[in-house]
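Some notes on the structure that comes next.
What you see below is based on every heavy atom in this structure, not just the backbone, and it leaves out hydrogens, waters and symmetry mates. All chains are named by letter (A, B, ...) in the order of the sequence lines, taking the proteins before the strands, and each is independently numbered beginning at 1. These numbers come from a predicted model, not from an experiment.
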Amino acid sequence: EDQVTQSPEALRLQEGESSSLNCSYTVSGLRGLFWYRQDPGKGPEFLFTLYSAGEEKEKERLKATLTKKESFLHITAPKPEDSATYLCAVKISQGGSEKLVFGKGTKLTVNP
Amino acid sequence: NAGVTQTPKFQVLKTGQSMTLQCAQDMNHEYMSWYRQDPGMGLRLIHYSVGAGITDQGEVPNGYNVSRSTTEDFPLRLLSAAPSQTSVYFCASKVNPLDVFGGFFGQGTRLTVV
């Protein structure tokens, strides 16, 4: 069964305290891995796509990396506005089509 | 650009009632999809469409119908609502399934079935 596991479920950081979120997956036919940010009461907002092990993407204080079995979202010197739930999804090939399988998310709180 | 627009934002239904959740996008995207998001679970795919006239089932399609008569619109129909369908529903669109971009999501419809 295709599975995506995110850890930790929740993370509290002080402003400026760097950390990493983890997304591990066991899927067949991986076609890509996506990171999203979701604010309360809003839809997910796309951040990054990663396709192959060793690939890295950066955007402001966020950097996403990918290995063969997991991805990390590194947050450097976070600010309170980085508080959100971060979702990871893997794109799989299934029955001739491609679909996303989402993890449950990591709720990040950054205190000033 | 309005992006992906979902209506209504909130809805309360009685068990057995029917309703349609609306989703419209103005980006001329071929690929549209519906997800539900429940507490403690990841987003789950209900139905998707790769273009006008073409729809297919996702992971949790039971109790839901869709149609795609135009590129812009992708409504989700609940024929006989059940309490298990209480959830937040998100519509998403992207150019096509192979697009490297992760897609645009609407703001969601929070549905409660009593």
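- Hydrophobic clustering (ILVMFWY, side-chain heavy atoms < 4.5 Å, transitive): A:Leu62 and A:Leu13 are in one cluster.
- Only the side chain of B:Tyr31 comes within contact range of chain A, with at least one heavy atom under 4.5 Å from a heavy atom of that chain.
- Of the atoms belonging to B:Leu45, it is side-chain heavy atoms, and not backbone ones, that fall under 4.5 Å from chain A.
- Interatomic distance, CZ of B:Arg44 versus CG of A:Leu100, reported as 15.0 Å (0.5 Å rounding).
- Linking ILVMFWY residues whenever their side-chain heavy atoms come closer than 4.5 Å, directly or via other members, places A:Val4 and A:Leu50 in the same cluster.
- Between A:Lys99 atom NZ and B:Tyr48 atom OH the span is 4.5 Å, to the nearest 0.5 Å.
- Within a 6.0 Å sphere centred on CD of B:Gln17, heavy atoms belonging to other residues, nucleotides or ligands number more than 12.
- For A:Leu87, the part lying near chain B is the side chain, with the backbone staying farther off; criterion is any non-hydrogen pair under 4.5 Å.
- If you chain together hydrophobic residues whose side chains sit under 4.5 Å apart, B:Trp34 and A:Val101 never meet in one group.
- The OG1 atom of A:Thr85 sits 8.0 Å away from atom CD of B:Gln37, with the distance rounded to the nearest 0.5 Å.
- Hydrophobic clustering (ILVMFWY, side-chain heavy atoms < 4.5 Å, transitive): B:Leu21 and B:Val66 are in one cluster.
- Annotation: A:Lys42, atom NZ; neighbour count of heavy atoms from other residues, nucleotides and ligands within 6.0 Å does not exceed 12.
- The stretch residues 102-112 of chain A places A:Phe102, A:Gly103, A:Lys104 near chain B, each with some heavy atom under 4.5 Å from a heavy atom of that chain.
- Crowding of A:Arg12 atom CZ: a count of heavy atoms from other residues, nucleotides or ligands under 6.0 Å not exceeding 12.
- Note: A:Pro44 leads A:Gly43, A:Gly41, A:Pro44 in heavy-atom pairs under 4.5 Å with chain B.
- A continuous path of ILVMFWY side-chain contacts below 4.5 Å connects B:Val113 to B:Met19, so both sit in one hydrophobic cluster.
- Panel note: side chain A:Tyr36, backbone B:Gly102; a donor-acceptor pair is recorded below 3.5 Å.
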